[in-house]
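Counting starts at 1 for both ligands and their atoms, in listed order.
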Amino acid sequence: MIKPGIFISFEGIDGAGKSTHIEALAAAFRAQGRAVTLTREPGGTPLAEKLRAMVLNDPMDALTEALLIFAARRDHLVQVIEPALARGDVVLCDRFTDATFAYQGGGRGFDLGMLSVLEQWVQSVQGLPADMIRQPDMTVWFDLAPEIAAQRLSGARVPDKFEAQPVEFFRRVAQGYAQRAAQSPQRFARIDAARDRHQVWQQITSAMVRRGWLAIMVAANGGPK
Ligand SMILES: Nc1ncnc2c1ncn2[C@@H]1O[C@H](COP(=O)(O)OP(=O)(O)O)[C@@H](O)[C@H]1O
Ligand SMILES: Cc1cn([C@H]2C[C@H](O)[C@@H](COP(=O)(O)OP(=O)(O)O)O2)c(=O)[nH]c1=O
């Protein structure tokens with residue numbers, strides 16, 4: 001019998017430490033025999049990657065941006081995430097809809113009610129009860145003060161359209177995440193991302209072990225390189 005798929009998203013402001021830990025978590029799941037689909041948003045399909053390049057590089061008004069992001073999400077869900085979950089994969093997704101609420105809603109001040117309507121439309125998929133939409137089973141939220149994230153990113157990479165925003169923007173993004181976490185406390189696993197890499201890794205794997213998704217031994221042996 002195939003195991004049910006698990007959908008885990010990773011969220012937090014730019015520089016919070018997501019990329020550092022996702023690969024290591026994929027390796028931990030593989031070490032205990034699970035197939036892993038490692039993917040990201042915006043992106044994850046050829047079409048969605050084209051939309052990502054536009055969203056991250058071209059100036060545009062907030063509604064255009066939200067529509068492109070949700071169009072990319074729909075393609076990604078239908079082409080990649082749903083088939084992977086149906087196969088029983090562990091899907092590790094670097095950002096999902098909480099990022100839209102945080103960046104377009106919190107950061108850019110776009111209407112949250114409209115984002116909720118788009119969320120309902122885009123995440124309605126076949127095979128779920130009519131009153132349910134596809135949501136991550138768990139969202140690992142790297143919570144970090146914007147000042148620390150900016151310090152970590154300074155000189156680390158060429159900033160994209162969002163990374164080039166001032167610290168006040170990221171303060172609003174962080175508030176957007178906190179608001180989403182308060183609305184779905186069961187789904188969100190908050191990580192104190194100000195700790196060192198080892199302690200961050202321990203917090204992440206503890207959340208997986210608590211859900212019965214990762215064996216303690218596998219978690220103890222892994223970690224970011
Ligand atoms: N716990 C940590 N302590 C200090 N620096 C970290 C930690 N985790 C990641 N970093 C560094 O911070 C920067 C941003 O991390 P990254 O994983 O790329 O963040 P994100 O993917 O969330 O934008 C990188 O240079 C990374 O090496
Ligand atoms: C998924 C998503 C990302 N974003 C932004 C956040 C990030 O600044 C950017 C790309 O995310 P990310 O892949 O984390 O960037 P990087 O590969 O540089 O670490 O897109 C939104 O504004 N809205 C969204 O819905």
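The distance from atom CZ of R108 to atom CZ of F169, rounded to the nearest 0.5 Å, is 7.5 Å.
Any N or O atom pair closer than 3.5 Å counts here, and R152 shares at least one such pair with ligand 1. Some N or O of G15 is nearer than 3.5 Å to an N or O of ligand 1, by distance alone. Ligand 1 has a nitrogen or oxygen under 3.5 angstrom from a nitrogen or oxygen of A16. Remark: ligand 2 and Q104 share an N or O pair separated by less than 3.5 Å (distance only, no angle test). Ligand 1 has an N or O atom lying under 3.5 Å from an N or O atom of G17, backbone or side chain. Considering backbone and side-chain N/O atoms, D14 never comes within less than 3.5 Å of an N/O atom of ligand 1. Distances between N or O atoms of E163 and those of ligand 2 include at least one value under 3.5 Å. Residue R95 places at least one N or O, backbone or side chain, under 3.5 Å from an N or O of ligand 2. Residue T100 has at least one N or O atom closer than 3.5 Å to an N or O atom of ligand 2.
Remark: among candidates R40, H198, R197, the nearest residue to atom 27 (O) of ligand 1 is R197, based on non-hydrogen atoms. Closest heavy-atom approach to atom 13 (O) of ligand 2 among the candidates K18, R52, H76: R52.
Ring geometry, Y177 versus Y103: the interplanar angle exceeds 60°, so the pair is classed perpendicular (tilted spans 30 to 60°). Using cut-offs of 30° and 60° on the angle between ring planes, the pair H21 and F142 is tilted.
Near A99, the atoms of ligand 2 lying under 4.0 angstrom from a non-hydrogen atom of the residue are 1 (C), 2 (C), 23 (N), 24 (C), 25 (O). Proximity to D196 (heavy-atom distance under 4.0 Å) selects the following atoms of ligand 1: 1 (N). The E41 neighbourhood of ligand 2 comprises atoms 1 (C), with distances under 4.0 Å to a heavy atom of that residue. Every atom of ligand 2 with a heavy atom of R73 under 4.0 Å away is listed here by number and element: 1 (C), 25 (O).
Looking at atom 3 (C) of ligand 2, its nearest protein heavy atom turns out to be P42 CD, 3.5 Å. When only non-hydrogen protein atoms are considered, atom 5 (C) of ligand 2 lies nearest to F162 CD1, 3.6 Å. For atom 1 (N) of ligand 1, the closest heavy atom belonging to the protein is R195 O, 2.9 Å. Closest protein heavy atom to atom 21 (O) of ligand 1: S19 OG, 2.5 Å. Protein heavy atom closest to atom 22 (O) of ligand 1, with residue, atom name and distance, is K18 NZ, 2.7 Å. Among protein heavy atoms, atom 7 (C) of ligand 2 sits closest to D14 OD1, 3.4 Å. Nearest protein neighbour of atom 9 (C) of ligand 1, counting heavy atoms only, is T20 OG1, 3.3 Å. The single protein non-hydrogen atom nearest to atom 18 (O) of ligand 1 is R157 NH1, 3.0 Å, given as residue, atom name and distance. In this structure, the protein non-hydrogen atom closest to atom 19 (O) of ligand 2 is R157 NH2, 3.4 Å.
Under a 3.5 Å cut-off, the side chain of Q123 and the backbone N or O of R134 do form a donor-acceptor pair. Under the 3.5 Å distance criterion, the side-chain polar atoms of E49 are matched with a main-chain donor or acceptor of G44. Side-chain atoms of E119 never come within 3.5 Å of backbone atoms of T97 as a donor-acceptor pair (strictly under, hydrogens ignored). Checked by atom type and distance alone, the side chain of D89 never pairs as donor or acceptor with a backbone atom of V91 at under 3.5 Å.
Under a hydrophobic clustering in which Ile, Leu, Val, Met, Phe, Trp and Tyr are joined whenever their side-chain heavy atoms come within less than 4.5 Å, directly or via other members, V90 and V140 fall into the same cluster.
Around the CD atom of Q183, the shell of radius 6.0 Å holds more than 12 heavy atoms that belong to other residues, nucleotides or ligands. Within a 6.0 Å sphere centred on CD of Q186, heavy atoms belonging to other residues, nucleotides or ligands number 12 at most. When the shell of 6.0 Å around CD1 of I216 is examined, it contains 12 or fewer heavy atoms from other residues, nucleotides or ligands.
At a 4.0 Å heavy-atom cut-off, ligand 2 does not touch K161 at all. Looking at A102 against ligand 2, nothing comes within 4.0 Å, counting heavy atoms. Of all the heavy atoms of L56, the ones lying under 4.0 Å from any atom of ligand 2 belong exclusively to the side chain.
E41 and C93 get closest at one heavy-atom pair: CG-SG, 3.9 Å. When all heavy atoms are compared, the tightest approach of F7 to Q135 is CD2-O, 3.6 Å.
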Problem set entry | Derivation and outcome, salt bridge (charged side-chain N to carboxylate O under 4.0 Å, His left out), residues D14 and R95 | CA-CA 11 Å; D14 291 274; R95 299 187 184 281; 3.6 Å; yes
For this session: Decide yes or no on salt bridge (charged side-chain N to carboxylate O under 4.0 Å, His left out) for D75 and K50, but give the supporting numbers first.
Result: CA-CA 12 Å; D75 193 54; K50 286 187 209 164; over 6 Å; no
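In this structure, E65 has no heavy atom closer than 4.0 Å to ligand 2. For Q199, the heavy-atom gap to ligand 1 stays at 4.0 angstrom or more.
V158 belongs to no multi-residue hydrophobic cluster, having no ILVMFWY side-chain contact under 4.5 Å with any other such residue.
With respect to the salt-bridge test (charged N to carboxylate O, under 4.0 angstrom), the residues R190 and E11 do not qualify.
Using a 4.0 Å threshold on non-hydrogen atoms, atom 24 (C) of ligand 1 does not count as touching the protein.
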